[in-house]
Amino acid sequence: MDNLLVMKFGGTSMGSADRIRVAAGLAAEQHAHGPMVVVVSAMSKITDLLLDTLRKAEAGDQTDLEANLHQLSARHMECCSLLLPPERQPAAVAGIRALIEDFSRIAKGILMLGERPPRSVDEAVAVGERLSALLMAEYLEARGIPAAAVNAAEIVATDALFGNASPLMEPTRQRVVKVLRPLLEKRVLPVVTGFNGSTLDGRPTTLGRGGSDFSASILAAALDARELWIWTDVDGIMTADPRLAPNAQVLDAITYAEAAELAYNGAKVLHPRTLAPLAERGIPVWSKNSFAPEKPGTRIVPKVESPQGVHAVTSMADVALVSIEPASAALSGTKVMARSLDALARANVELLAITSSSYQQSFCFLVRQSELERAKEFLEEDLALEFAHGYLRPLQVDPHVGLIAVVGEGMRGTPGLAGRIFTAISKHSINIIAIAQGSSELTIAIVVNRSGLEKAVRAVHDECGLGK
Ligand code: ADP
Ligand code: ASP
Ligand code: MG
């Protein structure tokens, strides 16, 4: 469909009746000019609440489970009563009850089993988005804009990696044609749940935490949208997380590659996989603030003319550094590395950075703390003989580290930059543990002591002249 716009509203932009009113207003304004699809996150903190409820259920904690269900219901019922006119309340209340009943049924099943099967978690946790989509669609209808809440499980086709599924684009396109196109042709505004999808045989999945950005980009690509607007709670993509660097500034424009580097290296403002589906078609993305919609926001585009130096600094705190070191020269370091990487790939552990030394044939890599145990398990199993015979030194793990990533297309071929960055960090007596730079020269990744992480972000941000 020509000229179609996709808009995504994050958790804070959907966080209360007032926020949903504003979001619906922003959607309505653009809907008047042409076809559009809205993608919504669950109301802020709801996904955390749902996951916490399922954990309580697994632990057999019935009292807390009931308390959480009560909280879930109270938050949405209150929003419903503040948002909708009296005549629309009964239908919306019935809809909310039915969805919470769906969630409660799964949670109680988990309580009985004492186990949390990943596919049940995915089905249950998508209820957060289904609730917010229902509220938004009801409110749009109340304002006289024909709208329909759509469960993305009917549209977004994924593989079966529950909790972190990947989209299957061709089947998604077919489902989009079947489900969304008829609505769009009737000028009905689809309000689609972010975060979830389903396998080809219909089992519910989710795309990973923060995945509604990804949902929106999957739909924008499948619909060949003209643009994707991502509404959040800051003025756009900034030179650093404003919570860490209060003098951070909003960027006018950045490239897909820069945005992806920032997201993969911890900038929560975008889900890491958001840009991939858009790149092929070059669909531009705007990151905008629903609390200040008059501000221009950041434009994310395939290319910018004459990029300038460093664009932004980001960081990740919950990481661990794993070192592998041969104890005997008889062992080929390259082979050990190959087998280690193979083990990590099979463990489905993401490598955030890797560095090696050719002399001792040792290498170290950075993983998320949440994936550390799995990484260790696979490595120790695959290299069990080498460890047992002392050909490899015992695995060394340092969990007291953090990652800083300095990102910018314009860093390519800027001499002296790395030196200045390292000096700025060292000036604060922060120990640099490892350094990695990809061959694209788009990012310098630096592993430092965890205790110095925030200070190092501010130091690099200032050294690169990024602050206000
Ligand atoms: P949403 O619920 O809208 O998806 P998120 O909380 O996921 O919003 O992401 C927005 C938050 O990302 C901001 O409030 C900000 O604190 C954080 N953030 C981290 N790094 C950056 C950055 N470089 N630019 C802007 N925001 C950032
Ligand atoms: N609600 C989901 C989460 O909190 C997805 C999202 O908000 O993007 O992770
Ligand atoms: Mg988010």
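Side chains included, hydrogens not; waters and symmetry mates left out as well; all remaining heavy atoms used. Owing to the predicted nature of the structure, the values given are computational and were not obtained by experimental measurement. As the structure lists them, so they are numbered: ligands from 1, and atoms in each ligand from 1.
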Trainee: Relative to the heavy atoms of T47, which atoms of ligand 2 are at a distance of less than 4.0 Å?
Mentor: 1 (N), 2 (C), 3 (C), 4 (O)

Trainee: Show which atoms of ligand 2 fall inside a sub-4.0 Å distance from at least one heavy-atom site of E129.
Mentor: 1 (N), 2 (C), 5 (C)

Trainee: Please indicate whether any nitrogen or oxygen in D213 is less than 3.5 Å from any nitrogen or oxygen in ligand 2.
Mentor: no

Trainee: Please identify which atoms of ligand 2 are closer than 4.0 Å to at least one heavy atom of R209.
Mentor: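 Counting from 1, the qualifying ligand atoms are 3 (C), 4 (O), 9 (O).
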
Trainee: Would you tell me whether T206 and D122 have side-chain atoms, one donor and one acceptor, within less than 3.5 Å of each other?
Mentor: yes

Trainee: Regarding ligand 2, does G210 bring an N or O atom to under 3.5 Å of one of the ligand's N or O atoms?
Mentor: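 Right, the criterion is met.
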
Trainee: With only distance considered, is I237 within less than 3.5 Å of ligand 1 through an N or O on each side?
Mentor: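 Not met; the criterion fails.
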
Trainee: Do F103 and L131 have side chains that get closer than 4.5 Å, going by heavy atoms?
Mentor: no

Trainee: Counting non-hydrogen protein atoms only, what is the nearest one to atom 6 (C) of ligand 2? Give residue, atom name and distance.
Mentor: S212 OG, 3.3 Å

Trainee: If I compare all heavy atoms of M14 with all of M43, which pair ends up nearest, and what's the gap?
Mentor: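 So the minimum-distance heavy-atom pair works out to O-CG, 3.2 Å.
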
Trainee: Answer whether the closest heavy-atom distance between the side chains of D224 and L4 falls below 4.5 Å.
Mentor: no

Trainee: Report yes or no: does G211 have a heavy atom closer than 4.0 Å to ligand 2?
Mentor: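 Yes, G211 has heavy atoms under 4.0 Å from ligand 2.
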
Trainee: For ligand 1, find out whether one of its N or O atoms is nearer than 3.5 Å to an N or O atom of T232.
Mentor: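 Yes, at least one N or O pair falls under 3.5 Å.
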
Trainee: Record the part of A240 in heavy-atom contact with ligand 1 below 4.0 Å; permitted values are side chain, backbone, both and neither.
Mentor: backbone

Trainee: Considering only the protein, which heavy-atom contact is closest to atom 7 (O) of ligand 2, and what is its distance?
Mentor: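 The closest one turns out to be S41 OG, 3.2 Å.
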
Trainee: Y139 ring centre to R88 NZ or CZ under 6.0 Å, with the angle to the axis within 45°?
Mentor: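 No; the conditions do not both hold, so R88 does not lie above the ring face of Y139.
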
Trainee: Should D52 and K56 count as an ion pair when the cut-off is N to O under 4.0 Å?
Mentor: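 Here D52 pairs with K56 in a salt bridge, since their nearest N and O are under 4.0 Å apart.
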
Trainee: With heavy atoms only and a cut-off of under 4.0 Å, state how V234 meets ligand 1: side chain, backbone, both or neither.
Mentor: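 Side chain only.
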
Trainee: Establish, from distance only, whether the side-chain atoms of N164 and R273 form a donor-acceptor pair under 3.5 Å.
Mentor: yes

Trainee: With respect to L223, which candidate in L180, I283, L228 satisfies the side-chain contact (heavy atoms from CB on, under 4.5 Å) definition?
Mentor: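 The option that passes is L180.
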
Trainee: Heavy atoms only: which of H271, K268, K8 is nearest to atom 4 (O) of ligand 1?
Mentor: K8

